[in-house]
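Below: the structure, in structure tokens.
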Amino acid sequence: MAFGKGHHLHLIDGSAFIFRAYHALPPLTRKSDGLPIGAVSGFCNMLQKYVEGNHGPDAPTHVAVIFDKGSHTFRNEMYDQYKANRDEMPEDLRPQIPLTRRATEAFNIACKEKEGYEADDIIATLAVQARDAGGQVTIISSDKDLMQLVGDGVVMMDAMKGNRVIDRDGVFEKFGVYPERVVDVQALAGDSVDNVPGAPGIGIKTAALLINEFGSLEELLDRAEEIKQPKRRETLIEKRDQIELSKKLVVLDDKTPLDFTLDDLEVRDPDPDKLMPFLAEMEFRTLTKRIAEALDVEPPAIPDTTPEGANPPAGDAPDLPGMDASTYECVRDLEALQSWIDAANEKGWVAFDTETTSLNEMTADLVGISLCVEPGTACYIPLTHKAEGGEGLFGSDDLAEGQIPLEDALAALKPLLEDPAVMKIGQNMKYDAKIMARYGVSVAPIDDTMLMSYAMNAGQHSHGMDTLSERYLGHTPIPIKELLGSGKSQITFDRVPIDKATPYAAEDAEVTLRLWQMFKPQLHQVKVTRVYETMERPLVPVLAEMEMAGIKVDRDTLSRMSNAFSQKMAGLEDEIYELAGRKFAVGSPKQIGEILFDELDLNLPDGKKPSRGKSGNWSTGADILEDLATVHDLPRRILDWRQLDKLKSTYTDALQNHINRDTGRVHTSYSIAGANTGRLASTDPNLQNIPIRTEEGRRIREAFVAEEGKTLVALDYSQIELRILAHIADIQALKDAFKDGQDIHAATASEMFNVPLDEMTPDVRRQAKAINFGVIYGISGFGLARNLRIPRSEAQGFIDRYFERFPGIKAYMDETTEFAKKHNRVETLFGRVIHTPEINAKGPRAGFAKRAAINAPIQGTAADIIRRAMIRMPDAIKNLPAKMLLQVHDELLFEVEKGAEDDLIATARDVMEGAADPVVHLTVPLVADAGQGANWAEAH
DNA sequence: TCAGTCACG
DNA sequence: GACGTACGTGACTGAG
């Protein structure tokens, strides 16, 4: 049947896929010969994901991947500068281009290109043909040049952004005009990427404004004399030719002569005989396996052919036999357990993993333990699995048959787990160590594969076991969901039948051991052994202690505050409804936007509406509402309500639920490998974002209290990041100010504006403070302007003057960016490596990456310093009646018996202020300020 | 599950 | 000349 009504054509922008794949992945190479294949790998992954997603009524009947061919097109005939500013294709991408064609063919998808034409023209031609035949078209691309085609059954879909569909309204959002006028806007605005000139000084927003006013580009150009703004009018008249040329360049050619028809694009089933050999040739281990499973065929063997003596680059499988679940042993009696213990003793190491009833270590019960001493042999020791079946909704309370009694097993394992001569290897050992601690076993010494990966690969990828296994072993572990289910019917691990639990649990231990064997020698190669040994590994027991100690939180205080907040909110709601003219959900930004900007039709003080978010809703963030508060009473009420809602839902209500039944305290969990910069992150609950900036919020800290007879003591580093900046960038004026103990923001202001310190006004100081912070974050004129609410030009002037006065800062920023571009990473003073894979990306992502690269050494060095202090702290305070409870990036919170406060402060201060020594000699002093009191509000 | 918002350093 | 813009996190909510 010929293509027509009821048919659905998918047109995939192949070049976009390639570039996205290239930039999203690290430079992988084929193991056997070093051929670069990162982009091909990503491309195949995207195709596979695409194919997997094609189900249901909307599935395509026809599909093609369209590529560009040749760099010289008919547009170059019209304008020789077209796309002339494009960078050369990266060297390691060029050889991959033909492979992406082959990949498309291998997936059995039509692959089309035409010499002298861009992919966009072919797409346009096919889309128009399909539309005219009465069919439906989806263009899979995010290229705005294609938006002119949308409408009449043609939509675009952005596969990179969760398959977001762009229809006529979506186009309007982007361009401010509907698809038929998109080329007019593009002709005016030009395009820096394609080097389309457009009209100088006119961007998309202005272009849309003009087109909407005059109806079309032609009309606009004919009546250009009517434009009021003189500059704009002149441009349009003078540059008429250039604008008309621009339009010709952006209009897609929908009459490309093609040597095939729509019917040739019919969707074909994947052909394993084509696909599997290709994937095997590329040596994609994980992908081959995944697709083989999906197609239900045997995956081809991929030989392991690392050349002798070569260092396996990250991302390749180790030279080990494959994993085999049938080799796993279920240990059911003490005799069998003892032989595993003997084996571990003999080796001197053992991979160790616990299975429990919950992810919360403070409440989880131990269900079983798995061990692995060498690849290929691992075991699971079930301990407290429940019997299957049984009465009642929740199954049996009896233990399953054939398990070693918990106490016997622990007694047998304890000497091994505590043996200083046997290394216990885990993935996120803090979790397992805390579980075991609650059963009276202190696991030591430990190695942690998650932390090894973090030390080597921060910024590259996350460090969970599934990620590491897939990436480095080419093996996808059994998903826990397969055992526990998900959602409402989820069960706990003790309800999993032992025969199902065994392969899962033993596999985790084996994966951990294999990762350890791979990572251990790599630490040296990447030169992060010291980072791992001195700032990661020793932190595990320290954090475990802090988390188990927890902090006392007074439920009554929180509960009273909750009630007070509720009442205030109820009052505010009445006023809000009154002002809005109707009832609505105050917690819904969408509805707030509709009320303020549609129904009340309010405008910001500058007469404009705010921007819209990704889903087309008005922005209603605090800064917008703050501005809007000058023209109406409603925004202020909403701001007040939001603040109370936040305090109540996130703090006074939620914290109560985190008070542990047994200890009466709140136990957070710190993730060591979460933040790329080396900072910790606190979760469940997050105790690193308890309010302090507003008086109302600050009172929540009154609920964090010391135990009877004790005091809370807080020490925080004063301006640690600015001190580090002064040291790294070697800014003498700042260093002197710190040495003299001056107010650093005032000193900065004085230096910048030539104002003597004793004549400093708060406002000038405030501005200098904003600049100081901005510098740490990779300042931009725009950002500073928005922060200080001053004109952009003025903000830029501040920055220029700042760099003039402190040229070392500018030099630091430039050098850091250069280093990152060259090495794809930056480093802290202590050698922590933070990868910056996006630093050489194009477009706005490069900006983000650059600022992150500037910030990372500063934030990361500060994180290193407090880590070092924390690691030394337990030993330093061991003779004091004190415990370290919390870390909040530059602050440590302790609980100490009354009377010992001053001793603790003196000791902890010494540790903190000397934490950089002896590895780094800072040329600025570190200063820790101290406070104390019955609660956290007083101590701070 | 995502987007929007807002709490912290 | 315009793009989109401070860095790093986690939790809660409404809406699809």
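Protein chains get the first letters and strands the later ones, always in sequence-line order, with residue 1 at the start of each.
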Asp191(A) with Lys144(A): basic N within carboxylate O range, under 4.0 Å:
yes
Describe the nucleic acid contact of Ser649(A) in one word from base, sugar-phosphate, nothing, applying a heavy-atom distance below 4.0 Å.
sugar-phosphate
Among residues 677-688 of chain A, which residues get a heavy atom nearer than 4.0 Å to DNA chain B?
Arg679(A), Gln688(A)
Within residues 582-596 of chain A, the residues having a heavy atom closer than 4.0 Å to DNA chain B are Pro589(A)
Between His463(A) and Tyr454(A), what is the ring plane arrangement, given parallel below 30°, perpendicular above 60°, and tilted in between?
perpendicular
How is Ala199(A) classified with respect to the nucleic acid when contacts are heavy atoms under 4.0 Å: base, sugar-phosphate, or nothing?
nothing
Classify the side-chain pair Thr828(A)/Thr861(A) by whether it contains a donor and acceptor separated by less than 3.5 Å.
no
What is the distance, to the nearest angstrom, from the CG atom on Asp890(A) to the P atom on dG9(B)?
7 Å
So what does Arg792(A) touch, heavy atoms closer than 4.0 Å: a base, only the sugar-phosphate, or nothing?
base
Residues two or more places apart in sequence or in another chain: which of them pass side-chain hydrogen bond (donor to acceptor under 3.5 Å, both in side chains) with His461(A)?
Tyr472(A)
Asp623(A) CG - dG4(B) P separation (whole Å):
14 Å
Between Arg582(A) and Glu599(A), is there a side-chain N and carboxylate O pair less than 4.0 Å apart?
yes
Using side-chain hydrogen bond (donor to acceptor under 3.5 Å, both in side chains) as the criterion, list what pairs up with Gln229(A), not counting sequence neighbours.
none
Which whole-number value in Å describes the distance from Ile700(A) CD1 to dA7(B) C1'?
9 Å
Counted 5' to 3', the first and last nucleotides of DNA chain C within 4.0 Å (strictly under) of a heavy-atom of chain A are dG1(C) to dG16(C)
Position toward the 5' end of DNA chain C (nearest nucleotide), Pro200(A) or Ile776(A):
Pro200(A)
Which residues share a salt bridge (charged side-chain N to carboxylate O under 4.0 Å, His left out) with Glu626(A), sequence neighbours left out
Arg636(A)
According to a strict under-4.0 Å criterion, is Ser615(A) in side-chain N/O contact with OP1 or OP2 of dG4(B)?
yes
Base, sugar-phosphate, or nothing: which does Asn676(A) touch, judged by heavy atoms less than 4.0 Å apart?
sugar-phosphate
Dot-bracket for DNA chain C, 5' to 3', Watson-Crick and G-U pairs with both distances under 3.5 Å, [ ] for crossing pairs, | for partner on another strand, reads ......|||||||||.
Would you say Lys609(A) has more than 12 foreign heavy atoms packed within less than 6.0 Å of its NZ?
yes
Nearest 0.5 Å please: distance from the OG atom of Ser246(A) over to the CG atom of Asp184(A).
11.5 Å
By the 4.0 Å heavy-atom rule, please label Leu784(A) as base, sugar-phosphate, or nothing.
base
Round to the nearest Å and state the distance from Ile858(A) atom CD1 to dG9(B) atom P.
18 Å
State whether Glu536(A) and Arg832(A) are salt-bridged, where the test is any N-O pair (Lys NZ or Arg NE/NH1/NH2 against Asp/Glu carboxylate O) under 4.0 Å.
yes
Select base, sugar-phosphate, or nothing to describe what Ala654(A) touches, counting heavy atoms under 4.0 Å on all strands.
sugar-phosphate
C1' atoms of dA2(C) and dC6(B), separation to the nearest Å:
31 Å
Select base, sugar-phosphate, or nothing to describe what Ile779(A) touches, counting heavy atoms under 4.0 Å on all strands.
base
With sequence neighbours left out, write down each residue that passes ring-ring contact (aromatic ring centres under 6.0 Å, His included) with Phe175(A), or none if nothing qualifies.
none
SB check Glu234(A) Lys231(A) (cutoff 4.0 Å)
no
Distance, rounded to the nearest Å, where Lys481(A) contributes NZ and dT1(B) contributes C1':
11 Å
Please list all pairs passing the side-chain hydrogen bond (donor to acceptor under 3.5 Å, both in side chains) test where one or both residues lie in residues 585-597 of chain A, with sequence neighbours left out.
none
Using 4.0 Å as the upper bound for N to carboxylate O, is an ion pair formed by Glu238(A) and Arg233(A)?
no
Are Phe806(A) and Tyr802(A) an aromatic pair, judged by ring center distance below 6.0 Å?
yes
Give, ordered by number, those residues of residues 859-867 of chain A having at least one heavy-atom distance below 4.0 Å to an atom of DNA chain C; if nothing qualifies, reply none.
Gln859(A)
Could you check Ala189(A) against Gly778(A) and say which one's nearest nucleotide on DNA chain C is further toward the 5' end?
Ala189(A)
What is the distance, rounded to the nearest whole Å, between atom CZ of Arg701(A) and atom C1' of dG9(B)?
10 Å
Between dG4(C) and dG4(B), how many Å separate the two P atoms, rounded to a whole number?
15 Å
Just to be sure I understand the rule, does Gln643(A) reach a base, reach only the sugar-phosphate, or reach nothing, if contact means heavy atoms closer than 4.0 Å?
sugar-phosphate
With Arg825(A) via salt bridge (charged side-chain N to carboxylate O under 4.0 Å, His left out) - residues at least two apart
Glu827(A)
Find the distance Lys648(A):NZ to dA7(B):C1' and express it as a whole number of Å.
17 Å
For a side-chain contact (heavy atoms from CB on, under 4.5 Å) with Tyr670(A), tell me which candidate from Thr683(A), Leu539(A), Leu680(A) qualifies.
Leu680(A)
Got a sec, which pairs hit salt bridge (Lys or Arg N to Asp or Glu O under 4.0 Å) with one end in residues 648-658 of chain A, sequence neighbours left out?
Lys648(A)-Asp653(A)
Students often get this wrong, so: under 4.0 angstrom with heavy atoms, is Arg693(A) touching a base, only sugar-phosphate, or nothing?
base
Pairwise P distance, dT5(B) and dA6(C) [rounded to whole Å]:
14 Å
Check every strand shown and say whether Gly201(A) touches a base, only sugar-phosphate, or nothing at a heavy-atom separation below 4.0 Å.
sugar-phosphate
Roughly how many Å is it from CZ in Arg642(A) to C1' in dG4(B), rounded to a whole number?
8 Å
